Amino acid sequence: MTQTALDTNEQNHPAFTEPAVTEALGKEFGLNTEEYNLVSDILGRAPTFTELGIFSVMWSEHCSYKSSRIHLAKLPTKAPWVIQGPGENAGVIDIGDNQALIFKMESHNHPSYIEPYNGAATGVGGIMRDIFTMGARPIANLNALRFGDPKHPKTRRIVKGVVKGIGDYGNCMGVPTVAGETNFHPSYNGNPLVNAMCIGLADQDKIFYSTGAQPDMPVVYVGAKTGRDGIHGATMASTEFDDASEEKRPTVQVGDPFTEKLLLEACLELMQQDAIVSIQDMGAAGLTSSSVEIADKGGIGVTLDLDQVPQREEQMSPYELMLSESQERMLMILKPGSEEKAKAVFDKWDLDFAIIGSTNDTQRLKLNMYGKTWCDIPVPPLVDKAPKYDRPHVETPKRDAINADDYPLPEGGAFEALKKVMDCPDMVSKRWIWEQYDSLVRGETKYMSEQSDAAIVRVPCAGKNKALATSSDCTPRYCFADPYEGGKQIVAESYRNLCASGATPLAVTNNLNFGNPEKPEIMGQFVGALKGMGEACTALDYPVISGNVSLYNETNGQAILPTPVIGGVGIIEDITKAMPLAFQAEDETIMLIGADGTHLGQSLYLREVFGEEKGSAPHVDLETERQNGEYIRSLIDQGLITACHDISDGGLLCALADMAIASGIGAELDLAESAALLFGEDQARYVITTAQPSKIEGTILGKTKGTALTLPNKAIQVSELQSIHQNWLPDYMNKVK
Amino acid sequence: MNIKIIYFPGTNREKDMADAFETVTGKRPDIVWHKETDLGNPDLIVLPGGFSHGDYLRCGAMAAHSPIMREVIKQAKDGTPLFAVCNGFQMLMETELLPGALLHNNHLKFNCKKVGLNVQSNDNRFMTGLEAGETLRDIPIAHGDGNYFIDPEGLKAIQDNNQIAFTYTENPNGSTADIAGITNKRGTILGMMPHPENATRDHQDTKLDGLKLFESIIR
């Protein structure tokens with residue numbers, strides 16, 4: 001049985017019918033019985049095939065945030081410097097001088113598992129579109145990657161594809177990729193995480209929003225043509241994986257960074273003229289979400305003539321056009337009369353430009369094609385009545401603390417343990433990855449990954465010499481052991497990384513990666529992590545201004561570690577004061593700011609030396625974090641210190657090793673050989689070097705000296721640590737299977 | 001000095017190049033869109049880096065046929081100095097203004113890092129301010145197709161004519177004879193893979209040795 005269109009105004013169009021709609025089809029599209037019935041209630045009739053497709057993607061977890069919305073609402077999102085919090089394409093902060101930074105992080109996890117290269121590439125493309133849609137030129141990219149066990153047969157191929165995908169897209173766009181993080185853990189074997197972040201720069205008076213469209217304005221489609229790729233991608237991202245998931249390859253989009261580069265330049269050029277009222281990129285759920293968003297935010301109706309949509313393939317259906325996730329496309333509402341002016345810009349850049357409809361005051365989304373109407377939906381209930389669930393959740397049970405005395409240093413002493421910890425995949429240099437990214441294009445990069453705790457990118461501004469600082473952070477093993485403390489720790493570490501670079505932390509974006517929210521213990525992780533994250537953001541005046549939620553990261557019932565990633569952004573007013581992490585010279589005093597290490601629970605030392613992932617996550621005292629962070633910033637501002645590194649994974653001795661490895665300069669350390677002191681992962685701590693120790697309140701640890709790290713009775717050459725640090729990843733990647 | 005930087009769809013280091021020239025001359029160069037046909041009478045033409053036309057055919061191949069290139073080729077052949085970096089260097093291979101070819105890096109990956117460059121010959125229009133044998137430190141590279149190839153006879157010819165401008169201190173991509181940049185026989189065209197423009201400004205965390213080349217170019 002087939003179904004015809006809503007009204008038949010048959011002219012000379014191809015005979016075209018849609019499949020019949022049943023509740024079973026609704027299920028296939030991801031709508032449960034209740035949701036399916038709600039669709040019929042809203043319409044007062046059964047939906048057409050196209051309408052069902054539209055409801056199902058708009059109400060998918062990926063687009064509607066139905067499991068997470070009530071919890072996200074609790075995060076702090078405001079500060080005097082926040083211009084736009086969550087709810088737009090990206091968040092916006094005021095950085096003075098009429099300038100704004102616009103940023104967001106977004107996941108492309110599911111596609112990157114199915115097709116690593118294109119999955120990751122289009123993730124990067126998508127997040128950059130979110131940024132320049134708002135009128136900002138992208139000036140820095142970051143990425144947070146989580147891969148499976150290095151020994152898993154698929155890991156190497158996924159690493160290779162993801163990294164090349166990220167590189168090829170960002171490099172071609174001419175946006176420097178300046179920071180990121182990469183972890184490996186078996187829980188990501190079937191669900192690697194690819195989280196991409198982009199930061200853009202705009203003038204505060206030239207920011208574009210999805211709000212503001214009014215009736216009787218032209219709806220314009222620009223960019224690449226629409227094909228059949230990525231149909232129902234958002235729905236795919238809202239279910240668990242099983243062994244057959246790789247057959248979903250057709251739902252992964254294919255990226256074309258060159259077209260996106262043209263789209264970027266054309267959009268920014270048109271934005272300098274007075275032509276655009278409202279603009280939305282076509283990301284997840286493509287033409288559907290962009291047109292619904294514009295209609296909803298403007299309180300208006302949109303009628304589209306889908307025959308006018310530039311199409312890459314023949315005989316496409318309204319359903320396919322509305323659900324395609326073809327990349328590099330934008331939807332704009334223009335001021336009436338500015339069509340010619342706008343078309344001239346897109347002609348210059350050889351991009352498609354098509355007027356595909358108009359706005360009206362009906363508050364309905366109406367779609368015509370082949371002489372018929374295929375969809376006529378009231379927009380407000382499509383958005384407002386989207387399901388919202390308070391899913392059952394159970395608090396993650398607290399882990400027992402371990403006794404540090406049960407885990408003494410191995411017979412070979414501190415440096416034997418150090419070598420083991422530094423040789424683990426989470427600690428080794430990621431140079432093999434970041435050398436594939438152009439980190440220097442645009443010529444504004446000062447420090448990138450591994451040079452400073454936060455990447456430092458100059459923000460061009462007449463008469464000023466300011467820079468942004470940014471890093472991405474998450475410690476999934478802490479979140480798994482204790483979502484609440486782990487959630488706090490992520491924010492604290494991000495704050496610390498920016499402080500260590502000399503910057504004032506201003507705001508964050510988050511990317512919340514979890515398993516199946518329908519399982520109470522997973523939902524418990526989510527709720528716990530958000531509680532911790534919210535408290536920390538409040539305490540540190542570090543609001544969340546944008547973000548993304550990725551749930552159902554499970555394969556065959558195996559969930560990932562809870563991985564709520566934070567991308568932090570701050571400003572340093574004088575770029576010449578930005579702090580490197582490498583030792584700068586010999587004979588400088590090394591000091592610890594913060595307390596001595598005591599906490600070995602969930603430490604890398606425990607995991608790498610004893611093979612145990614045990615104990616409680618380190619406690620985060622937010623008041624101390626703030627005090628120590630402010631103290632570090634004051635030291636940097638006064639020019640009292642020469643290098644700074646926060647203490648995180650691997651504790652004090654690994655932080656010192658990082659500083660030595662980055663410089664080739666050694667250190668004479670006057671430290672007791674105690675596992676907790678050297679490897680404890682207590683929070684709110686920094687290592688600094690200085691030529692003026694008397695002016696600094698902290699614990700003196702020793703002096704920079706020679707080419708070895710030395711403890712009272714032993715030494716290890718920095719070159720030995722450097723080769724451990726540098727060799728692991730290239731050796732692993734070059735291994736033939 | 002009248003400097004024209006040519007801008008193709010996909011070019012992405014035109015800003016970096018303009019910043020570098022502005023640093024040494026105090027004046028921002030003109031950026032010229034590839035669909036233009038008239039260049040005027042510049043003192044120097046610059047082809048900057050990027051991914052012109054997405055580099056979907058061969059790198060630089062499409063750009064070599066852009067409308068403005070007819071004028072660029074004509075003026076370069078008439079002796080107007082032409083400085084080409086990275087993707088611009090690739091275009092000079094495609095237009096045969098310089099000999100040789102640029103292949104995929106031998107390790108098959110895009111590679112961005114800072115390298116050392118030896119001044120092999122300064123016997124050209126651009127490098128009189130540099131000493132032969134001098135090393136420029138911390139000059140960025142950022143390319144996937146920078147493996148310079150030339151056959152043995154061609155190599156001998158560019159050696160004999162002092163056309164090898166720069167060699168790498170450590171070969172990052174498999175280039176023949178470590179070649180990083182070459183000139184034409186007359187020394188009026190310089191093409192190179194590395195990005196000296198990214199080692200000219202204080203915040204760029206280099207030794208600023210790129211400045212030496214830019215100061216020499218504008219002499």
Side-chain angles (χ1 to χ4, degrees), chain A residues 137 139 160 163-164 166-178 256-266 347-351 431-448 451-452 456-460 465-467 574-576 578 580 730 733-734, chain B residues 7-23 33-36 48-57 59 62 66 86-87 105 107-115 138-145 172-173 194-206 210:
Chain A
R137 177 172 287 281
I139 59 170
K160 200 170 170 180
V163 171
K164 187 163 169 55
I166 292 172
D168 282 359
Y169 211 106
N171 297 347
C172 183
M173 286 291 287
V175 179
T177 301
V178 294
D256 174 2
F258 174 59
T259 300
E260 176 135 318
K261 168 76 169 151
L262 302 184
L263 192 59
L264 161 71
E265 299 301 340
D347 283 350
K348 170 186 165 186
W349 292 95
D350 296 319
L351 289 167
R431 174 185 293 271
W432 185 92
I433 293 174
W434 52 253
E435 275 194 357
Q436 295 186 56
Y437 306 146
D438 191 339
S439 54
L440 303 172
V441 62
R442 296 189 53 72
E444 305 295 2
T445 307
K446 181 175 174 86
Y447 294 137
M448 46 89 62
Q451 288 184 290
S452 169
I456 302 290
V457 178
R458 186 170 166 277
V459 177
N465 204 16
K466 64 184 175 183
D574 180 356
I575 194 172
T576 62
M733 293 309 300
N734 293 335
Chain B
Y7 184 47
F8 302 89
T11 293
N12 65 24
R13 265 187 167 84
E14 78 289 352
K15 170 190 173 296
D16 312 38
M17 193 59 91
D19 286 342
F21 276 110
E22 190 176 355
T23 300
W33 180 234
H34 79 123
K35 286 181 187 171
E36 301 286 322
F51 292 78
S52 55
H53 298 276
D55 280 347
Y56 288 152
L57 184 54
C59 297
M62 294 282 288
S66 275
C86 198
N87 195 228
N105 293 349
H107 47 75
L108 305 178
K109 293 190 298 293
F110 186 93
N111 191 210
C112 175
K113 64 179 177 188
K114 292 163 187 166
V115 301
D138 282 358
I139 305 295
I141 57 168
H143 59 246
D145 299 80
N173 52 26
H195 291 284
E197 72 274 24
N198 284 149
T200 56
R201 297 162 74 209
D202 290 338
H203 64 269
Q204 285 169 337
D205 194 44
T206 68

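Quick caveat, the model's predicted, so the values are computed rather than measured. Below, chain A is the first sequence line, B the second, and so on; all start at residue 1.
- Of all the heavy atoms in A/Trp349 and B/Trp33, the pair that sits closest is CZ3-CH2, 3.5 Å.
- Residue contact with chain B, scored on non-hydrogen atoms closer than 4.5 Å, involves the backbone of A/Tyr437 exclusively.
- Between chain A and the options B/Gly54, B/Gly49, B/Cys112, the largest number of non-hydrogen pairs under 4.5 Å is found for B/Cys112.
- The contact between A/Asp256 and chain B is made by backbone and side chain atoms together, counting heavy-atom distances below 4.5 Å.
- For chain B, the option among A/Thr259, A/Asp168, A/Leu264, A/Asp350 with the highest count of heavy-atom pairs below 4.5 Å is A/Asp350.
- Both the backbone and the side chain of A/Asn171 come within contact range of chain B, each with at least one heavy atom under 4.5 Å from a heavy atom of that chain.
- Side chains of A/Met173 and B/Asn12 form no contact here, defined as non-hydrogen atoms less than 4.5 Å apart.
- Separation of atoms NZ (A/Lys466) and NE2 (B/His203) is listed at 14.5 Å; rounding is to 0.5 Å.
- A 4.5 Å side-chain heavy-atom check between A/Leu440 and B/Lys114 finds at least one atom pair inside the cut-off.
- Of the residues considered (A/Gly443, A/Pro257, A/Pro460), A/Gly443 shows the highest number of contacts with chain B, using heavy-atom pairs under 4.5 Å.
- Considering all non-hydrogen atoms of both residues, A/Lys261 and B/Tyr7 come closest at NZ-OH, 4.3 Å.
- Not counting sequence neighbours, the partners of B/Phe21 by the ring pair (Phe, Tyr, Trp, His ring centres under 6.0 Å) test are B/Phe214.
- Taken to the nearest 0.5 Å, the CD atom of A/Gln451 stands 5.0 Å off from the CG atom of B/Asp205.
- Rounded to the nearest 0.5 angstrom, A/Arg442 CZ and B/Asp16 CG are separated by 7.5 Å.
- How far OH of B/Tyr56 is from SG of A/Cys172: 5.5 Å, rounded to the nearest 0.5 Å.
- Proximity of B/Asp19 to A/Glu444: side-chain heavy atoms (C-beta onward) are separated by under 4.5 Å at one or more points.
- Residues A/Asp438 and B/Ala142 come closest through the heavy atom pair OD2-CB, 3.6 Å.
- Although no hydrogens or angles enter the test, the distance criterion places no donor-acceptor pair under 3.5 Å between the side chain of B/Lys109 and the main chain of A/Trp432.
- For A/Thr445, the part lying under 4.5 angstrom from a heavy atom of chain B is the backbone only.
- Using a 4.5 Å cut-off between heavy atoms, B/Thr206 makes no contact with chain A at all.
- If you take NZ on B/Lys113 and CZ on A/Arg431, they are separated by 7.5 Å, rounding to the nearest 0.5 Å.
- By the 6.0 Å contact criterion, CG on A/Asp574 is enclosed, its count of non-hydrogen atoms from other residues, nucleotides or ligands being greater than 12.
- Under the rule for a ring pair (Phe, Tyr, Trp, His ring centres under 6.0 Å), the partners of B/His34 that lie at least two apart in sequence or sit in another chain are B/His53.
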